[in-house]
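Note on naming: letters A, B, ... go to the chains in the order of the sequence lines (proteins, then strands), and numbering restarts at 1 for each one.
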Amino acid sequence: MTTKLPEVDVVVVGVGWTGSILARELTKAGLRVVGLERGPRRTPGEDFTVPSIRDDLKYAVRQELFQDTQMETMSLRHARSETALPVRRLGAFLPGTGLGGAGAHWNGVTWRLLPTDHKLRTHLSERYGAQAIPDDMTITDYPVSYDELEPYYDRFEKLCGVSGKAGNLRGKIIDGGNVFEGPRQAEYPNPPLEQSVAGATFETAVKSLGYHPFPAPSSNASRVYTNPEGLTMGACIYCGHCERFGCESNAKASPGVSILPALLSDDKFELRCNAYVKDLVHDKTARKVKSVRYVDTRSGEDYEQPASLVILGAYVFTNNLLLLYSGIGEPYDPVTGKGSVGKNYCYQVGAAGVTVFFEDKEVNPFMASGAHGIMIDDFNGDNFDHGGLGFFGGAWIQAGPTNGRPILSRPVPAGTPRWGRDWKRATAKWYNHAFNIGGSCCNYAHRENYLDLDPTYRDALGRPLIRMTYNFKENDYRVAEYVTAVLGRIGRAMNPTLINTPAYRRGNFSAIPYQSTHNTGGTILGTDPKESVVNRYLQAWDADNLFIVGASVFPQNQSYNPTGTVGALAYWAADAITKQYMKSPGPLVHA
Amino acid sequence: MADDNIPRRTFLVGAGAAGSAAVTGVTASPVVAAADSAPAPVATAQPDAWLTLNPTEAAFVMAVVDTLIPADELTPSGSACGVATFIDRQLAGAYGSGARLYRDGPFLKGKPEHGYQLALTPRDYFRAGIAATNDWVRKRHGKDFDRLGEAEREAALKEMEQGKAEFPGFSSKEFFEALLTITMEGFFSDPIYGGNRDMASWKMVGYPGLPASYRDDVKTYFNKKYDKPPQSIADFV
Ligand SMILES: Cc1cc2nc3c(=O)[nH]c(=O)nc-3n(C[C@H](O)[C@H](O)[C@H](O)COP(=O)(O)OP(=O)(O)OC[C@H]3O[C@@H](n4cnc5c(N)ncnc54)[C@H](O)[C@@H]3O)c2cc1C
């Protein structure tokens, strides 16, 4: 039996970063909003406190805050010819659950895309010729330009109190910031974090090579900061417990620190946690979503919540699943190239990290924040000439530890055994004298990488799991090989006592080691309803009262961590709803 | 093979003795947490009762953690640091019974990149792995793993690590990885879980543990050795 509830103005599915932003903007515009969140209600003051929040086993290893695979997971196959198997234990990526979503346990590296990322296909075609882009590389432009999104990037950065240094202020290039970035209207809200030994060593080396270092743009506040919501963040204490943990000092921007206290005190907003959304009721003729169906996991009762407007902010996997379950849009077919739901699923490619060891440096890796390094962007996007290289895209490159938690982080020189006396000696000797140089590479869309419903495996509610058909492709391997070589060059320029320069291994995507929670695509932005799921305002082509927010709308994955762009697009969509849609509900783009 | 007739539990203390190669039978029953109020000496850091491991399994786990983490000038042995206790408690608790592990079938053999694909909970996986290892060791040496000398134990674990040990129907390499992982978790996690007694591993590497509040230290200790002693969660409650 399903209980039908009285209609509300808006239902927001998922109360993480995007859901919180949309709920806040829409309640401010006078709408009554219900937020449905599948996980528990957590608050920083109750749940993220010392000493228990420093429990490395519980949070970093036993995955306390992440999606519970016993409720729901995804399946994986590397190619259409294979049978997908379930990811039984999370590893490669760690989607969140509970109030605040993954926004509670992210690291805080907060980027904007490059202006050329916004018009990727056009840009590459103009510079290298359209025929240079392989047929199976299904990259597209964002139908929103950098200049259009700039005010919204700025808004999200102010919300998060991002610490950093501008490299391009209204067109003026500034040494010491990211000189490759697009023009920004204002300096970052907070100055960069304190320098680390790893960052300083890296900075000297990359300068000697002629590259352009800058401090990581970080949503870990370098000083006490009050955001435009009137909410105050603490100053970062460099505890080395960002990623996978909630922030104890309220210094890491998160929905729980940066928005929810304001949202929850507004009685136009109603939060329902333990509300697991099952599907949407879609009226195909009217091209509207009528209601959202969910189960209250505390009672097992089913509910149907009608709404005039529905926002999907439930991360990449659920955003795709709910369209597939509800028959909204046409599922993508990689054989014919028709259909768009599930298309252009992308992830992230990692270069083989280099580790440098210095007998005479005290690295203190445990004094760190989640976004605490020095970076370069010289080898990212199309910031370097790709003529004759045989691939497109690149990586941002960084040194600077995010933590020194020893269950997972204990560098030893190559060739050291993994246990026994020699391992102990090497671990004791090098723990405080080594750091990693890493490169996070882009992952450009490929015709054969996509999401659909698994034919066999089901979640705890009896619904099919989402199935990833996904592997790294030739472009990915070449980017990673190129970037791996750059990392080695930088490492050697530091003159370390010892250096590990593992060769890049061309292998299948593996679900086991953590790589990044930067899943993208499947409900992509576009200008053509046949090729995309949402228009430039993140409005679904097949239901004008449905807006889909999050990295599921990215047409491909740039190398950058997604949340800066995700947050900017959330504000951009919110503006489109409050300034255009509310005045005359209907399609905002006529295709 | 006279050894095999001696009840397993009489060996538990011997297997945990720091750095001892020869295992001597002692008649005391498993342990022995201080019934009087004196703190238990580090070298007898087994739990007073195993929560889930049976005597054979407990002896095996102690022998493994003492081989992976031998006693030396840096720390006491793995079992003396409580790592066997940690493993017992982990396997007895939520993790051991399959928390956060998707366990719907069908259970098919995947590629390595699919990760764990078995129907077994971690508790039952370790049960099967210990039995398979002991079967294999018994065929070659006529006795169980924990009764081998240190060099033989090292050699056996190396063969498993390299995937050279042939266990019928069971991957020795994967089981070795599971043993190594849970041993390192126990050695390096906060002592509240029973391992890392006296913060031995944190002292070994110089990890300060809690409270991890370095707002000023990040400047003061820039490129300087951090010399404050570590603290555990237990020090704050
Ligand atoms: C360990 C880690 C480190 C990261 N570090 C960075 C970083 O440094 N920089 C960066 O840019 N990004 C980082 N990210 C990614 C970042 O967390 C995400 O980009 C961001 O949280 C996405 O916002 P979102 O609103 O789309 O999803 P989330 O914030 O995860 O919110 C989605 C919400 O939807 C809920 N939900 C899902 N399905 C349902 C359902 N069926 N019914 C009801 N509710 C549902 C979820 O429970 C969740 O609360 C990191 C992520 C992780 C896990």
Practice problem: May I ask you to name which of A:Glu64, A:Gln67, A:Glu72, A:Lys58 has the most heavy-atom pairs under 4.5 Å with chain B? | Solution: A:Glu64

Quiz item: Which heavy-atom pair separates B:Glu113 from A:Ser510 by the least distance, and what is that distance?
Solution: CB-CA, 3.6 Å

Practice problem: Specify the closest pair of heavy atoms between B:Gly110 and A:Leu85, including all atoms of both residues, with the distance to one decimal. | Solution: CA-CD1, 3.1 Å

Quiz item: What heavy-atom pair brings B:Leu210 and A:Pro51 nearest, and what distance separates the two atoms?
Solution: CD2-CB, 3.4 Å

Quiz item: When only pairs under 4.5 Å are counted, which of A:Asp55, A:Val87, A:Thr73 shares the most heavy-atom pairs with chain B?
Solution: A:Asp55

Self-check item: Any side-chain heavy-atom pair of B:Glu185 and A:Val61 under 4.5 Å
Solution: yes

Exercise. Could you tell me which of B:Glu154, B:Lys111, B:Glu73 has the largest number of non-hydrogen atom pairs under 4.5 Å with chain A?
Key: B:Lys111

Practice problem: Measure B:Gln90 against the heavy atoms of chain A and call it side chain, backbone, both or neither at under 4.5 Å. | Solution: side chain

Practice problem: Identify whether NZ of Lys or CZ of Arg in A:Arg88 sits under 6.0 Å from the centre of the six-membered ring of B:Tyr102 and within 45° of that ring's axis. | Solution: no

Quiz prompt | Between CZ on residue A:Arg405 and OG on residue B:Ser189, distance to nearest 0.5 Å | solution = 13.0 Å

Exercise. Would you mind checking which part of B:Ala99 comes under 4.5 Å of any heavy atom in chain A, side chain (CB onward), backbone (N, CA, C, O), both or neither?
Key: backbone

Quiz item: So which of A:His78, A:Glu82, A:Lys361 has the largest heavy-atom pair count under 4.5 angstrom toward chain B?
Solution: A:His78

Quiz item: Under a 4.5 Å heavy-atom cut-off, does chain A meet the side chain of B:Leu68, its backbone, both or neither?
Solution: both

Quiz prompt | Nearest heavy atoms of B:Pro106 and A:Thr456, plus distance in Å | solution = CD-CG2, 3.5 Å

Practice problem: Give the ring-plane orientation class for B:Tyr207 versus A:Phe366, where under 30° counts as parallel, over 60° as perpendicular and anything between as tilted. | Solution: perpendicular

Quiz prompt | Any B:Asp217 side-chain heavy atom under 4.5 Å of A:Asn364 side chain | solution = no

Practice problem: Name the region of A:Ser222, side chain, backbone, both or neither, that has any atom closer than 4.5 Å to a heavy atom of chain B. | Solution: backbone

Exercise. Select one option (side chain, backbone, both, neither) describing which atoms of A:Trp430 are under 4.5 Å from chain B's heavy atoms.
Key: neither

Exercise. Identify which part of B:Lys224 has an atom lying under 4.5 Å from any heavy atom of chain A, answering side chain, backbone, both or neither.
Key: backbone

Quiz item: What distance separates B:Phe187 CZ from A:Ile407 CD1, expressed to the nearest 0.5 Å?
Solution: 12.0 Å

Practice problem: State, yes or no, whether a side-chain contact exists between B:Pro70 and A:Lys424 at a heavy-atom distance under 4.5 Å. | Solution: yes

Quiz item: Which bit of B:Leu101 is near chain A, if near means a heavy-atom gap under 4.5 Å: side chain, backbone, both or neither?
Solution: both

Self-check item: Any A:Thr427 side-chain heavy atom under 4.5 Å of B:Val205 side chain
Solution: yes

Quiz item: Side chains of B:Phe86 and A:Leu57: does their closest heavy-atom pair fall under 4.5 Å?
Solution: yes

Quiz item: Is it the side chain or the backbone of A:Arg425 that comes within 4.5 Å of chain B heavy atoms, both, or neither?
Solution: both

Exercise. Assess B:Arg215 against A:Tyr238: is NZ or CZ under 6.0 Å from the centre of the six-membered ring, and within 45 degrees of the ring's axis?
Key: no

Quiz item: Which bit of B:Thr75 is near chain A, if near means a heavy-atom gap under 4.5 Å: side chain, backbone, both or neither?
Solution: both

Quiz item: Measuring from A:Arg421:CZ to B:Ile69:CD1, what's the distance to the nearest 0.5 Å?
Solution: 12.0 Å

Quiz item: Can you check whether A:Arg418 reaches B:Glu161 side chain to side chain, under 4.5 Å on heavy atoms?
Solution: yes

Practice problem: Just give me the residue among B:Lys219, B:Lys158, B:Arg103 that pairs up with chain A most often, heavy atom to heavy atom, under 4.5 Å. | Solution: B:Lys219

Exercise. Using non-hydrogen atoms and a 4.5 Å limit, figure out which bit of B:Lys203 sits close to chain A: side chain, backbone, both or neither.
Key: neither

Self-check item: Residues B:Asp104 and A:Arg458 bridged, charged N to O under 4.0 Å
Solution: no

Self-check item: Among the listed options B:Asn196, B:Thr67, B:Asp72, B:Leu157, the residue most often paired with chain A at heavy-atom distances under 4.5 Å
Solution: B:Asp72

Quiz item: Are the side chain of B:His114 and the backbone N or O of A:Pro86 linked by a donor-acceptor pair below 3.5 Å?
Solution: no

Self-check item: Interface residue of largest heavy-atom contact number with chain A, from B:Ala94, B:Gly209, B:Pro112, B:Gly105, under 4.5 Å
Solution: B:Gly105

Practice problem: Please examine the side chains of A:Arg89 and B:Pro122, heavy atoms only from C-beta on, and report whether any two atoms are closer than 4.5 Å. | Solution: yes

Quiz prompt | Nearest-0.5 Å distance that lies between atom CZ in A:Arg54 and atom OG in B:Ser213 | solution = 7.0 Å

Self-check item: Value rounded to 0.5 Å, distance of OH in B:Tyr214 from SG in A:Cys236
Solution: 12.0 Å

Self-check item: Beyond-backbone contact of A:Glu362 with B:Tyr221, side-chain heavy atoms, under 4.5 angstrom
Solution: no

Quiz item: To the nearest 0.5 Å, what is the distance between CG (B:Leu179) and CH2 (A:Trp419)?
Solution: 11.0 Å

Quiz prompt | Option that, when pairs with chain A are counted at under 4.5 Å, heavy atom only, ranks first among B:Tyr193, B:Phe236, B:Tyr226 | solution = B:Tyr193

Practice problem: Tell me, for B:Ile192 versus chain A, whether the close heavy atoms (under 4.5 Å) come from the side chain, the backbone, both or neither. | Solution: side chain

Quiz prompt | Close contacts, residues 192-203 of chain A versus chain B, judged by heavy atoms under 4.5 Å | solution = A:Glu194, A:Gln195, A:Ser196, A:Val197, A:Ala200

